[in-house]
Structure formats: structure tokens, C-alpha cells
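First up is the structure itself, then whatever we jot down about it.
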4 protein chains.
Amino acid sequence: MNDHSLLSNPGRGKTLAKRKGQKYDQIIDAAVKVIAQNGYHHSQVSKIAKEAGVADGTIYLYFKNKEDILVSLFEEKMGKFIQKIEEELAGESSIEAKLLILITMHLMQLQKDHSLAIVTQLELRQSNIELRNRINEVLKGYLKLIDTIILLGIEKGVFKEDLDVRITRQMIFGTIDEVVTDWVMKEHKYDLVQLCEPVHTMLLNAMRRS
Amino acid sequence: MNDHSLLSNPGRGKTLAKRKGQKYDQIIDAAVKVIAQNGYHHSQVSKIAKEAGVADGTIYLYFKNKEDILVSLFEEKMGKFIQKIEEELAGESSIEAKLLILITMHLMQLQKDHSLAIVTQLELRQSNIELRNRINEVLKGYLKLIDTIILLGIEKGVFKEDLDVRITRQMIFGTIDEVVTDWVMKEHKYDLVQLCEPVHTMLLNAMRRS
Amino acid sequence: MNDHSLLSNPGRGKTLAKRKGQKYDQIIDAAVKVIAQNGYHHSQVSKIAKEAGVADGTIYLYFKNKEDILVSLFEEKMGKFIQKIEEELAGESSIEAKLLILITMHLMQLQKDHSLAIVTQLELRQSNIELRNRINEVLKGYLKLIDTIILLGIEKGVFKEDLDVRITRQMIFGTIDEVVTDWVMKEHKYDLVQLCEPVHTMLLNAMRRS
Amino acid sequence: MNDHSLLSNPGRGKTLAKRKGQKYDQIIDAAVKVIAQNGYHHSQVSKIAKEAGVADGTIYLYFKNKEDILVSLFEEKMGKFIQKIEEELAGESSIEAKLLILITMHLMQLQKDHSLAIVTQLELRQSNIELRNRINEVLKGYLKLIDTIILLGIEKGVFKEDLDVRITRQMIFGTIDEVVTDWVMKEHKYDLVQLCEPVHTMLLNAMRRS
DNA sequence: CATGAATGAGACTTCATTCAT
DNA sequence: TATGAATGAAGTCTCATTCAT
């Protein structure tokens, strides 16, 4: 995740400013805040610029276009997200524990940042197909992480050996994602993290060698 | 579902034509086709009207506005969808079989109608929050169906008695939904219905009394 | 006023129903009510038809188009208006009394019918120039009535002999019209008819031989 | 009037560009010309923009919406109008002369700008009630000017002491307004300013202490 | 690097009028 | 005569992006 160089845009006419500097981060954070507050369709570039404390035109020194803000936002946040999970997973060898860590980290990070949760679960999905494909590209890193756990579980004999990896991954991701989305739509009324344990148990049951 | 007499809509300033008749259905079907083909944001009312073989203005005799086409589309299709599943479920008493029927019907109906699958899995989710809330309202009927199966399974001693119904429902729906979405994004390259069995098995394992 | 045959439309392709019958009057009265209530720009043909208790299409059996309803309305009401004033004027020979009758009848008739007052003073003036020209055509009958009084007053030596008839007529009409418009815009809060006397006095002063 | 600092408009969601600068005036002037030429209902924003030599969207940097162009137009022109009259009135102490100045300025300014005359006498009155209320708000300044003259005339013993100020004001304004409207509807065929004297005389006669 | 005024394409919806019944 | 479902033209406004300063 840390060096899939989609960061530069080779072959395009214009060169963007180095994706560094405080302005870049300011704009990303402003975007999350504005989109969470106003919804995707009411988040004009000018509103994000204002929130970030820069001029409208400045946005275009750091991002190719509006869509690029969204993808970058997702890349940036998801990158850190995956990285943290990877770090935590590395320190644990038990398959069951690894799965619990994955679930817990996923729920925890989104519970910690309500704005980000709204953006990832609801607003970002309102984007067009093309953008969604690019987002899926970023998501792949996370899905690979899940695959790794599944494969390791099978290899270690913890999970059934005839598990279909794709379906299993879809079950794990689909379940967690639905749990989070419901929590967001219910306006974060209940504690999300305490759902880790039952979700973990059910998923394990679904996969465990009987 | 076949005679919910919404023929008049008292309380609104304008009265819509009867929500029946061939034009109504023509427009709904045209909308599914056009949206699946062009994407939500490139599906102008005029395009839908043309595809339906009616004048632009005629749309507004049957639907309050563009958004209303979407909600109606979902209500109409989802209504039939739920009805069919209910009918099939009624003829079967085994819990395991009921769950298989639910999964199979879900996957089958969407595999049968690629356009509808694209619309429900991708395009309809691009709508704004308000519209999504109305869609969720319709979805509730389906989720209740799932709940019924879960509760019955617990009652019959087939499922664990300490299952959290909400989380279980989110697992079932989240898994199936993710399976379908992935299939749509992979452009229907593989057979969806043959995934019924493994999905069924995994979900059963997750819930079954050990 | 009673036989200026603008009633038929010679040379046009379609023949309108005879401008008689209760439907014709129903539509005119419905138009006055609807326009007074909703304003000119929110008075759709369908709304007028509904208020009149006829189908939209029926309107077009009695009127050439929407504009024709308005002109007819004005012709109809103004015709009766002028006729009544003429009748009253005939029974009085004094110039001063004639002027008082004119003013009084004008104010009285509009005070009696608030809806009509709103339509003539405010709503009908929102129409386009072409329509306004046709309305002015109808108004000419009234203005001629005023001219008659002025000329008679000069002839009889009651008014100054060097009065400019056009300007004098504009003063009389402009004053009364402004008085009524103000009363309508103040939402008929005060009694209109009691203004007859002071208006009469001032107008007489303006014209009277010193 | 030349420095009413409406530069910001706090409280609105969007901030309009400064209501100054050449573009603002260009648009106002273009609007007068286009509306006088084509009539209110055929004066699309795009037509005004073209005449002003700016892009359609630029209009909305200076005006809230189309209606706002009209109100601003009236405010702007009427503001200067009143200001000029006030200046002229200040240099004259005789009541009779003051009244003559008012009438003369009124007729002169409209005779000088045929387009503006068409817009104020005909087109601006086609607007809806809400807009007309805003226009009346502006008009109040002018009516107060008239009131001042009336009150001063009474005080000085030039006018009758029992004059009803409201009716007198309505007579003065109604007369002048009708004179101008007639002139506009007759397509400026005759000289308007030469009517000052007879109008002045008649109005004086109506008010003067006998 | 930064600004922000200016651009202009693009679409939803209304409503007067028609015409087959 | 009467109906009312169907028509389709037409216009306001938004907002991502640019570029002169």
C-alpha cells in the first residue's frame, strides 16, 4: 500500500504539486468534514476549499479534479487503515486472534472517526461507477489482507479445507460492512466495538473445521 | 402487493394518474434499462421517456419527479421479489431449506435480470441520503423475512439460542449482497446461482447449534 | 358596449360554441375566483376548469385560448360595469352629480367584489403587452364615458374652457385607479366608498371654472 | 445613494460579488434594453447576459436570481431618480415651483430614456405580487417626497388645510403615472415634457386654497 | 505557489393545447 | 357537447474548472 505509485500521473499534461505539504492534508481533511456534514452532492469544491482555508484554484494545484480528491481521500485513509491492521496482525500468530484483530480494528477505527465512517459507508458510494472502480482498486489491498488470513487458516487446518476463498472473503467483508453501515444509518446510536465478539464468533463458526 | 390501492394520493396538490396501466409499467421498465445502460447520472428523464415511448411530460403524470421513478422502481420490483420469496417459503417447513430458498431466489432473480441487478447493486446506491432512506423503508420488508427465518430457527432449536438477531441478519444480508455486488462488478462473468450452495453452507455453519 | 361584435371570431378556423349557456359564465366566474386566490401566474387552465366544474378541454369549446378567458372576463365584467354607470348617469343632469356618480359607482362596484378588484387592479396587469392592448380596447368605452362628462362640463361652462381633455381624463382615471389599487394592496383594510366625496371634491377643484 | 455599502450580504448562504463594478452596471443596463425590446416574458437570462457581454453564469455572481435583476434595476434607477429630484427640490423654496419641479423631473427623466419608461410603466408591472411588494418598498421613497410637498403646502397655507394627504398623494402620483403610461402605450408619439404645465396647473387647482 | 472572478454546458419540470373517444 | 390523458417546447440556475494576475 505504501508504494503503489498511483500517486504521480505519468503521461498527463499537467504536473501536480508534490503530494506533500500541509495544504494537501488540509484539503483531504476538509473534504471528509464537508462531505460528512453536507452529503456528497452538496459538497462543492468551493465549500471544501473554504473549509480548508485555501482558494478554489489552489485545490487544482494538489488534485487533478474533484474526483481525485475523493480517491486520494480514500487512498490516504485506507492506506493508514490497512497499515495499522497489518502491524497489529504481525504481532499475533493465532488465526482466531488475527480475525478478531481485523474485525476489531475495522470497527474501532470507524467508531473513532464518525465523519470518516459516514463518508466511507454512505457518501463515497454515491459516486459514479468509474470512481467506484478506482476505490475498489484501493480496497483490494484490504481484501488481500482478508484472503491472507483465510488461506493461512486453511493451511493451518483451523478452517475447512474446502472453503471457497472468494465467497468466504465476501462473507467476512460483507458482514462487517453491513454491520458498520447499519450503525452509521442508525446515527451511531449504539456501541459498535462491542459487536466485535459476536461477529467474530459467527464468522469463525462459518469457517471453522467442524 | 398486487392491489395496494394507491390510486389516489390525497393531501398532495397534484394528483398523479393511477399508478397502474401499461404506461406506468413501460416507464419503470424503461428506467431500469436506461439506468443500467447509462448509469444513474447519465439517465435523463428525456432518455427514459424516449425508451418508454412516451413524451417527457407523460412521465410526470405517473411520477412526482425523477427520484420518484427510482423509488417506485424499487418498490415495484422489490415488492414482487419479496412476494415471490414469501410464496416459496410458505411451501417449505425445514429451516435449512427455507434459508436455501431465500438465497437461491435472491441470486436467481438478479441473475435473471442483469439490468435490474446493476440498478439495485450499483446505481440505486448513488442516490442521496433521503432517497436511500425511502429505499431502506422498502428493504425492511425483506429484512423482516430474514428475521422470521432466524427466529424460527432459534425457536426450533436448529440455530444457537444466543444468536443476536440483528447481527445475524446483517451477516446473511451482507454476505448475499456482497456476493451479488461482486458478481455485478465482475460484469456477470460467472454463474451466480451456483454460489447458492456454498453460501448456504457457510451461513448455516455460522448459525447452527453446534 | 352591448354589440361591439368581438364575440365571434371571423376568419379563424375553429368555431367557438355560442358564448352563452351556463358553462360560459361558470368559467368566467371560476377564473375571477381562481386568479384572485392564486395570482395570475399560478392560475393554470386546469385549475380554472376544476373550479368551474368542467373538463380542461371544455374550456376550449368556449374560449379560444387562455388569454381569451382573461379578455372575455374583462369584457364581460367591464361591460356590465359601464352599462350600470351609463344608466345611473342618464338619470342625472348636473355635471357635478354626474362626476360623483361615476366615482361612486366605480368604487362601489369594486368594493362589492373583492375578487374582481384584485383581478382588475393587480393580476390582469401582469399579462403581456398584447393582452394589455386588448384590455385597453375594452377600457376605451369607460374612458369615453369620462370624456363625455368632461366635454359636457366645458360646454356647460362648469369646467374651464381650456381644459385639455386627454390630460383631464388621465387625471380622473389615474386618480381613481390609484385610489383603488392602494386599497387593494392594503388588503381592503379601510372603507373605499367613503373616499368618494374627497376625491370628487379635489377633481372638481382641478377642473372647475374659477 | 451612491455609496449604500451593500457590499456583503451576511445571512445568506451564498455571497454575491460586490454590487459594484462595471459588470454589475453592464448587466442592469442590458436588462433595461432587453426587457424594453422583448418584453419581460421574452427576456431570458441568456439574452440579458449576451447583451451585457458576459456569460450566463456571471449574472449569478451579481444577482441572486432573475427576479433580483429586476428589483435591483428598479432600486438602482429609482434611487438616482429620487436623488436627482431631491437635489432639485432643495434649491427651490416656493411650493408651486417644487411641485412643478417634481412633475417636470418625473416626465423628463422618462422621456429621456424610452427603454426605462417602457420597463417601469409596463414590464415591471407584469411581475408577481411578491416582487411588486419589493418594488413598492422602493417606491415609498418617492411617495414620501410627494407627501413632504403636500404637508409643506398645507403648513404654508398654500394648500387647503383639510386636504387628505393620502388621497392627494394618490391623485398626484396617479395622474402623473397615467400620463406617462398613456404616452408609452402611444409609443412616445408626442412630447411628454410639454404636458408638465397643464398637469401642474390642474394639480395645483385641486389642492390650492380657494 | 496562490488567488478567485469568470465561464458555459446541461437537465428537470410545467402547463397550454389537442384529439380520440 | 364533453372529456382528460397525452403532448413537447422552453428556460433558470449550478458548479467544476480555468487563467490572468
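Just so you know, these numbers use all the heavy atoms, side chains as well, and skip hydrogens, waters and symmetry mates. Below, chain A is the first sequence line, B the second, and so on; all start at residue 1.
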Whole-Å distance between [N] [atom2] and [X] [atom1]?
X     : N      : atom1 : atom2 : result
D/K50 : F/dG11 : NZ    : C1'   : 16 Å
D/Q22 : E/dA6  : CD    : C1'   : 13 Å
B/D68 : E/dC12 : CG    : C1'   : 14 Å
B/F63 : E/dC12 : CZ    : P     : 15 Å
B/N38 : E/dA11 : CG    : P     : 11 Å
D/Y60 : F/dC13 : OH    : C1'   : 5 Å
B/I48 : E/dC12 : CD1   : P     : 8 Å
B/N65 : E/dC12 : CG    : P     : 11 Å

- request: Assess whether side-chain contact (heavy atoms from CB on, under 4.5 Å) is satisfied between C/D29 and C/K77, documenting all intermediate values.
  value: CA-CA 10 Å; C/D29 289 336; C/K77 300 296 184 185; 3.3 Å; yes
field: Those residues that, when tested against B/R125, pass salt bridge (charged side-chain N to carboxylate O under 4.0 Å, His left out) (two or more places apart)
entry: B/D177
Dot-bracket summary - DNA chain F, pairs being Watson-Crick or G-U whose distances fall under 3.5 Å, with | when paired to another strand: .||||||||||||||||||||
message: Check whether C/F63 forms a cation-pi arrangement with C/K23 (NZ or CZ under 6.0 Å from the six-membered ring centre, at most 45° off the ring normal).
response: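 Negative - C/K23 is either too far from the ring of C/F63 or too far off its axis.
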Return the polar atom pairs (N/O with N/O) between nucleotides 7-10 of chain F and the protein under 3.5 Å, or none.
unit_1	atom_1	unit_2	atom_2	d
F/dT7	OP2	B/A55	N	3.0
F/dT7	OP2	B/T58	OG1	2.2
F/dG8	N7	B/G57	N	3.1

- prompt: Taking the nucleotide of DNA chain F with the closest heavy atom to each, which residue, A/H42 or D/K66, is nearer the 5' end?
  reply: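 The residue mapped nearer the 5' terminus is D/K66.
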- prompt: Does a side-chain N or O from D/Y62 land closer than 4.0 Å to OP1 or OP2 of E/dA6, or not?
  reply: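 Looking at the OP1 and OP2 atoms of E/dA6, one of them is under 4.0 Å from a side-chain N or O of D/Y62.
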Donor-acceptor contact below 3.5 Å, side chain D/N65 vs main chain D/D68: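 Pair found, side chain donor or acceptor close to backbone of D/D68.
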task: Can you run down the salt bridge (charged side-chain N to carboxylate O under 4.0 Å, His left out) pairs that involve residues 37-46 of chain C, sequence neighbours left out, and say none if there aren't any?
output: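 Non-adjacent pairs meeting salt bridge (charged side-chain N to carboxylate O under 4.0 Å, His left out): zero.
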- prompt: Excluding sequence neighbours, so at least two apart, what forms side chain to side chain contact (heavy atoms under 4.5 Å, CB included) with C/N38?
  reply: C/V34, C/H42, C/S43, C/K47
Heavy-atom pair with the smallest gap, counting every atom of C/I27 and C/I59: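 So the two residues come closest at CG2-CD1, 3.7 Å.
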- prompt: Within a strict 4.5 Å, meaning less than it, do heavy atoms of the B/F74 and B/V119 side chains meet?
  reply: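 Counting from C-beta outward, B/F74 and B/V119 never come under 4.5 Å.
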query: With a non-hydrogen cut-off below 4.0 angstrom, is B/V45 in contact with a base, only sugar-phosphate, or nothing?
result: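 Base contact - B/V45 has a heavy atom under 4.0 Å of at least one base atom.
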Side-chain donor-acceptor pairs of residues 49-57 of chain B under 3.5 Å, sequence neighbours excluded:
unit_1	atom_1	unit_2	atom_2	d
B/E51	OE2	B/K33	NZ	3.1

